[in-house]
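Worksheet: the structure to be examined is printed underneath.
When reading the values below, keep in mind they use all heavy atoms of this one structure, side chains included, and skip hydrogens, waters and symmetry mates. So you know, we letter chains A, B, ... as the sequences are listed, proteins then strands, and number each from 1.
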Protein chains: 2
Amino acid sequence: MDRDQTEKDDEASGLGRPTLKTLAFMTGLGVTTVSRALKDAPEIGAETRRRVQLVAKQIGYRPNRAGVRLRTGKTSVISLVLNTEREIMSFVSDIIYGVSEVIADTPYHLIVTPYSRTQDPLDPIRYLVETGSADGVIISRTQPNDPRARYMLERGIPFATHGRTDMGLIHPYHDFDNYAFATEAVRHLAGIGRRRLALLAPPVELTYHGHTLDGFTDALSEVGASEIPFNTVSIDHSIEQIRMRTAQLMRRDVRPDGFVSSAAAATLAIVAGIEDAGLKLGRDVDVVSKQSSDLLHLFRRELLVVNENFRLAGAELARSVLGWIGGATPGSLQSLSKPTGVLAYCRPD
Amino acid sequence: MDRDQTEKDDEASGLGRPTLKTLAFMTGLGVTTVSRALKDAPEIGAETRRRVQLVAKQIGYRPNRAGVRLRTGKTSVISLVLNTEREIMSFVSDIIYGVSEVIADTPYHLIVTPYSRTQDPLDPIRYLVETGSADGVIISRTQPNDPRARYMLERGIPFATHGRTDMGLIHPYHDFDNYAFATEAVRHLAGIGRRRLALLAPPVELTYHGHTLDGFTDALSEVGASEIPFNTVSIDHSIEQIRMRTAQLMRRDVRPDGFVSSAAAATLAIVAGIEDAGLKLGRDVDVVSKQSSDLLHLFRRELLVVNENFRLAGAELARSVLGWIGGATPGSLQSLSKPTGVLAYCRPD
DNA sequence: CCTATACACTGAAACGTTACAGATTGTCAC
DNA sequence: GTGACAATCTGTAACGTTTCAGTGTATAGG
């Protein structure tokens, strides 16, 4: 028995990372008891529980993720799935920080799962689901009929989408109210006398293209302004393309006197295109743009901006996924964020 | 025996994810043999090996990460450690994509480990090392005497730094040649007649502050220009702060006629400050700025820019870490990227 | 005094993988 | 015919965790 004791001693008090076995040895309890004591199981005596938790804290016990994952199948991982070419730059950074913020005091890790232009967007999702690499998934660039959402819904894996779908299926999402953005933009432009408006929209395949367009056209007829079609480019196009098309448009006889732009980088290109055509921002034409960081007003003071907070989106999305994992009903995990109206503050005049 | 067979059948041909057991059952081999066959171990017959690998491919076998990790301690995870407040936006997105690009056809996953202003930068590193959450780590905002690098070097965990240290210790890094950037910038400004130059530097605590400053002052004396001190702000300061300080500086009697700026967003603020003071870019003052995406020339055509490719940095860093994990010597995994000279292309005149 | 029953705890098994120490062949030299 | 040896293959045990099915031991009810 003496010998046994020594062996056990060697094993359990090892200098490596402490495990349940270490704790069991130190407290003189069984591994099972320790495991349950740490998760406040009801059948453990109050004192034992406290004792175990104290020792655990003292020696800095951290459950081995691989052990838990192997046993329970729970990965404690949230995956953020991103397109490596088309994602807005500030979106990537802000959404990551938003998610991080929320999962900071949970055991969750954030893994970034990228996919490229050439890949089926479903590929990374399939990979995640098939290999069981994550407990929850966040996707962006959501489409009205989104195969990824459908797929995950079928497999029962919790997820949240940035942007809504339109398939009659219920799932968590966070979205910016692009309809409101577009209507406010149009109303404002009309308010300062602009009557022929062009919209630089998101790519057609994404849901918020529709929202934006609806808001745009609804407001257009509300204020009695007309649309100058500008469908040859979207915010997914290159800066150069947008600039060139804008310049082309502005050289026509009937040209817009107002723009609504769905992305900040694209707005830079629009302005450049306007100036290429020899016109002046604020005099010949006004531009309302969404932005996610407060930089556009440095670019041209005359720009009208509406802010979309991606960090908030990240936080909301993370909360949604965690909520779903935690058992909440998907329908209760949907949120829409209103544009923060800053249309005025760039025009102090 | 019949009965045994049936039971085994039930277990191994289950409809869940295929495991080694599934493969063993299908091929009629032992689990060990299958395991070794899949990793091309020498003691497995050529035909058996092929057979196993064929079946594995057919049924889409993927090793269970938790199993491997528990058994071997290998996580197949690279962690990118980021400051949630101070990191450059485009840096975050580009470096992630750079890393992704390299680990795409490896079994590695990328996890993002954030830390905030209020935290000791060593905290996330300690967490990663103590919990063994990653096989390799990438850090940014590297300091000359960097406790994180020292810590990881002591623990023997592979890592790479974005930026160099200066502790006489050898480790993989990738850095942009900020000395070259600063000298080229100064030379160019001097070449177009600018004699009183100000530098908007990185924060003092980071290694590349020193590199940038050295390049700046060395080139300054080389071309015989003088420095207008501008140390009250760094590129870490807020846009508003930089703008205000720039305006203040430009209203002085002796004011710079040239700026060197280490970050694109800061450059926007500098230009705004210049214009706040009633001066004109390109006439009263020229600005050379680093940028990571091709947007500054849209902002003001007169801006002089030098490109730093963060995506490349991410790829290099990932290669370094993987190299170290793979057994390469740390000293052979260092790289320095030269500024791509585009100083001219914004001044077609 | 015996039997329920609640209470506090425990050992063994399993998750999927790899490493260790064999086991079963067949071949060859002597 | 025997021993040695290589070539292939296999069972068992471990990694750290949780779950299942208990095991004792008081306390209470009859």
For this session: Tell me, yes or no, whether the heavy-atom count around E43(B) atom CD, taken from other residues, nucleotides or ligands under 6.0 Å, exceeds 12.
Result: yes
Seminar exercise, completed: Footprint ends on DNA chain C, 5' to 3', for atoms under 4.0 angstrom from a heavy atom of chain A, come out as dA8(C) to dG16(C)
Exercise. In Å, rounded to the nearest 0.5 Å, how long is the span from CZ of R86(A) to CZ of R117(A)?
Worked result: 5.5 Å
For this session: Would you please say whether a donor-acceptor pair under 3.5 Å links the side chains of H174(B) and S320(B)?
Result: no
For this session: Give a yes-or-no answer on whether the side chains of E87(B) and S140(B) include a donor-acceptor pair shorter than 3.5 Å.
Result: yes
Problem set entry | Test side-chain hydrogen bond (donor to acceptor under 3.5 Å, both in side chains) applied to D94(A) - qualifying residues, sequence neighbours left out | none
Problem set entry | Gap separating the CZ atom of F159(B) from the CG atom of L317(B), nearest 0.5 angstrom | 11.5 Å
Seminar exercise, completed: Bend of the helix from dC1(C)-dG30(D) to dC30(C)-dG1(D) from end-axis comparison, five pairs per end, nearest 10°, comes to 70°
Problem set entry | E316(A) and S337(A) side chains, donor-acceptor separation under 3.5 Å | no
Problem set entry | side-chain hydrogen bond (donor to acceptor under 3.5 Å, both in side chains) involving N309(B) - partner list, sequence neighbours excluded | none
Problem set entry | DNA chain D-proximal residues of residues 64-77 of chain B, any heavy atom under 4.0 Å | L70(B), R71(B)
Exercise. Rounded to the nearest 0.5 Å, how far does CZ of R148(A) lie from CG of D146(A)?
Worked result: 4.0 Å
For this session: Output yes when at least one side-chain N/O atom of K39(A) is less than 4.0 Å from OP1 or OP2 of dT18(D), else no.
Result: yes
Problem set entry | Residue E154(B) excluded, over 12 heavy atoms near CD under 6.0 Å | yes
For this session: Assess whether atom CD1 of I59(B) is packed by more than 12 heavy atoms of other residues, nucleotides or ligands within 6.0 Å.
Result: yes
Exercise. If the sugar-phosphate is the primed atoms plus P, OP1 and OP2 and the base is the rest, what is the B/S/- string for nucleotides 4-10 of chain D, using protein heavy atoms under 4.0 Å?
Worked result: ----BSB
Problem set entry | Atom CG of L169(B): over 12 foreign heavy atoms under 6.0 Å | yes
